[in-house]
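Structure first, then comments.
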There are 2 protein chains.
Amino acid sequence: MPKQTFFNLEPEKRQAIVEAALQEFAEHPFEQASLTKIVDSCGIAKGSMYQYFSDKLDLYLYIVDLAYEQKKAYVSRAFDSEGDIFAVLSEYYRLSYQFALDHPLLHQVANKFWDSRSPLLQTELEKGRLSRAKDFARVLAESMAEGKVNPGLDPEAVFFVYHAVGKELIDHFHQGCDDRFLQQVLDVLKFGLAARD
Amino acid sequence: MPKQTFFNLEPEKRQAIVEAALQEFAEHPFEQASLTKIVDSCGIAKGSMYQYFSDKLDLYLYIVDLAYEQKKAYVSRAFDSEGDIFAVLSEYYRLSYQFALDHPLLHQVANKFWDSRSPLLQTELEKGRLSRAKDFARVLAESMAEGKVNPGLDPEAVFFVYHAVGKELIDHFHQGCDDRFLQQVLDVLKFGLAARD
DNA sequence: CCCCTATGTGACCACCCAGTCATACCTACG
DNA sequence: CGTAGGTATGACTGGGTGGTCACATAGGGG
């Protein structure tokens, strides 16, 4: 968590720091991101950064959280949308893609975070995964109760699959992602590989 | 490609180098792996390494290739196994898991390679992805011809989904992976989320 | 005016890195 | 023996890193 000093800053200076950090963390994973470059690029002294944040990790987690919260706010309307679970999921990924287009830096930061392997980040990662799983589980449980979803499936396995595909989809956003392909991927998940009678 | 000098080495020395490198690259992605640690841990001089490999990347690609080839050899029998595509896929992931247990270092090296983002590695990554896609496409095409597979699906989207889920599964091998869960994940892919009549 | 506190600063520290190179070593051949 | 070519070596270079600290600045209250 940033120190109080950080929040005492004039907003524009705070913004400059956030933007410089976003830029760096969008480009490099935590370990390879350079604090030196961040302070250089936003024109503050190295020492000042340590008035605002206790260390590099503190800054990183603040930035990731910021990106993640913005994404959540952007994308969560999908869960309120009408229609069955398939409509919700389709909307969810469509919004995720839109977010990536609208806020490329935030998108990349959040995205890079998901494939961090540093032990320092494992607890944070697990926290994020759980929060996602909860939203998903709710929608899935509703649909299962309504009988629209294959009742033989294990909810955990379903979440696992959607999480995996979602990650990969989002990874591929940078190569563009026409709606048609997105729909086809969702169809694979919806109808399954086995032929239907 | 290693230099000739490397292949002139006594096999046990070569092996020591390979093992030290495997250890380091299993633990850290390319950029964070330390050549210095590798040479220290196998007891050769820094300069010697540059008699064998032109640079760090050269060594890395050699090691990754080695890991990848061993994995391919181990896992490819799945494609020769009898039964429909679902049996093949099940066997494929079972073998992948077995490989991870039998050769944890090779597994981790190959696995870390897949989520490299370094521009230096993009062409190599694409090569690997294509080679995997080809094997998969063959089996899929056969099954589609036989009518066992949902004909409405886009083969590219199918591969995309399986690639994503496979990556995530393999990522989670280190947490253990009972056969039951694996089967349930495959069922999600096989039967799809939508209820069947 | 001074003092006190909060904040800004950048030279500096200790460390780590990939890659180089002059030198030494080791054989094998003439 | 000498010499030539392949190989081993590790001190060294130049560059990067996160983090620190003694000092400078600023502003408010007495």
Side-chain angles (χ1 to χ4, degrees), chain A residues 1-64 112 116-121, chain B residues 1-18 20-64 112 116 118-121:
Chain A
M1 222 176 27
K3 304 182 183 173
Q4 185 52 46
T5 320
F6 179 66
F7 297 109
N8 297 343
L9 251 36
E10 311 104 89
E12 49 174 29
K13 191 167 180 181
R14 215 162 49 211
Q15 195 54 33
I17 293 172
V18 166
E19 264 163 34
L22 276 173
Q23 189 75 50
E24 181 69 8
F25 289 129
E27 221 162 326
H28 306 283
F30 172 68
E31 287 91 343
Q32 282 155 247
S34 158
L35 248 187
T36 310
K37 275 185 199 148
I38 295 175
V39 299
D40 283 359
S41 106
C42 67
I44 69 169
K46 188 81 143 307
S48 297
M49 198 55 111
Y50 286 86
Q51 306 271 12
Y52 311 143
F53 298 92
S54 56
D55 55 16
K56 188 183 163 186
L57 181 62
D58 191 27
L59 168 61
Y60 180 65
L61 289 181
Y62 175 70
I63 294 294
V64 163
K112 276 217 166 45
S116 306
R117 310 251 173 225
S118 163
L120 285 172
L121 300 172
Chain B
M1 223 175 30
K3 305 181 183 175
Q4 185 53 46
T5 320
F6 179 67
F7 297 108
N8 296 343
L9 251 36
E10 311 104 87
E12 50 173 32
K13 191 167 181 180
R14 215 161 50 209
Q15 194 54 31
I17 294 172
V18 165
L22 276 173
Q23 189 74 51
E24 181 70 8
F25 290 127
E27 221 161 327
H28 306 283
F30 171 68
E31 286 92 343
Q32 284 157 244
S34 157
L35 247 187
T36 308
K37 275 186 200 150
I38 295 174
V39 299
D40 284 358
S41 106
C42 68
I44 69 170
K46 187 81 145 300
S48 297
M49 199 55 112
Y50 287 85
Q51 306 272 10
Y52 313 142
F53 299 92
S54 54
D55 56 15
K56 188 182 161 186
L57 181 61
D58 191 26
L59 168 61
Y60 180 64
L61 290 180
Y62 175 70
I63 295 292
V64 164
K112 277 218 166 43
S116 305
S118 163
L120 286 171
L121 299 172

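Source: prediction; values computed, not measured. Letters go in sequence order (proteins before strands), and every chain restarts at 1.
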Touch class at under 4.0 angstrom, heavy-atom based, for K13(A) against every strand present: sugar-phosphate
Heavy-atom neighbours of Q4(A) CD exceed 12 at 6.0 Å: yes
Donor-acceptor under 3.5 Å (K3(B) side chain, Q51(B) main chain): no
Main-chain N/O of S118(A) paired with S116(A) side-chain donor or acceptor, under 3.5 Å: no
Atom-pair distance (CD1 on I38(B); C1' on dG19(C)), nearest Å: 14 Å
Closest-nucleotide ordering on DNA chain D, the 5'-leading residue of E31(A) and G47(A): E31(A)
Options dG19(C), dG8(C), dG10(C), nucleotide nearest the side-chain atoms of K56(B): dG19(C)
Q15(A) and E19(A): side chain donor to acceptor below 3.5 Å: yes
Rounded distance in Å - CG (D40(B)) to C1' (dC15(C)): 14 Å
Shortest side-chain distance from T5(A), nucleotide among dT7(D), dT7(C), dT9(D): dT7(C)
Pair of N/O donor and acceptor under 3.5 Å linking dA18(C) base with K46(B) side chain: yes
Atom-to-atom span, CZ of F53(A) to C1' of dT20(D) - whole angstrom: 18 Å
First encountered from the 5' end of DNA chain D, between S34(A) and S54(A): S34(A)
N/O donor-acceptor pair under 3.5 Å between D58(B) side chain and F53(B) backbone: no
T36(A) side chain near dG18(D) phosphate (N/O to OP1/OP2, under 4.0 Å): yes
Interatomic distance, L35(A) CG vs dT20(D) C1' [rounded to whole Å]: 13 Å
For atom CD1 of I44(B) and atom P of dT9(D), their distance in whole Å: 8 Å
Closest to the L9(B) side chain, choosing from dG19(C), dA8(D), dG18(D): dA8(D)
Length of the CZ-C1' vector between F7(A) and dT7(C), whole Å: 16 Å
Sugar-phosphate only, base, or nothing, as touched by Y52(A) at under 4.0 Å among non-hydrogen atoms: sugar-phosphate
For atom CG of N8(A) and atom P of dG8(C), their distance in whole Å: 9 Å
Candidate nucleotides dG19(D), dT9(C), dT17(D), ranked by approach to the side chain of Q51(A) - the nearest: dT9(C)
Sugar-phosphate only, base, or nothing, as touched by K37(B) at under 4.0 Å among non-hydrogen atoms: sugar-phosphate
Whole angstrom value for the distance that separates P of dT20(D) from CE of M49(A): 14 Å
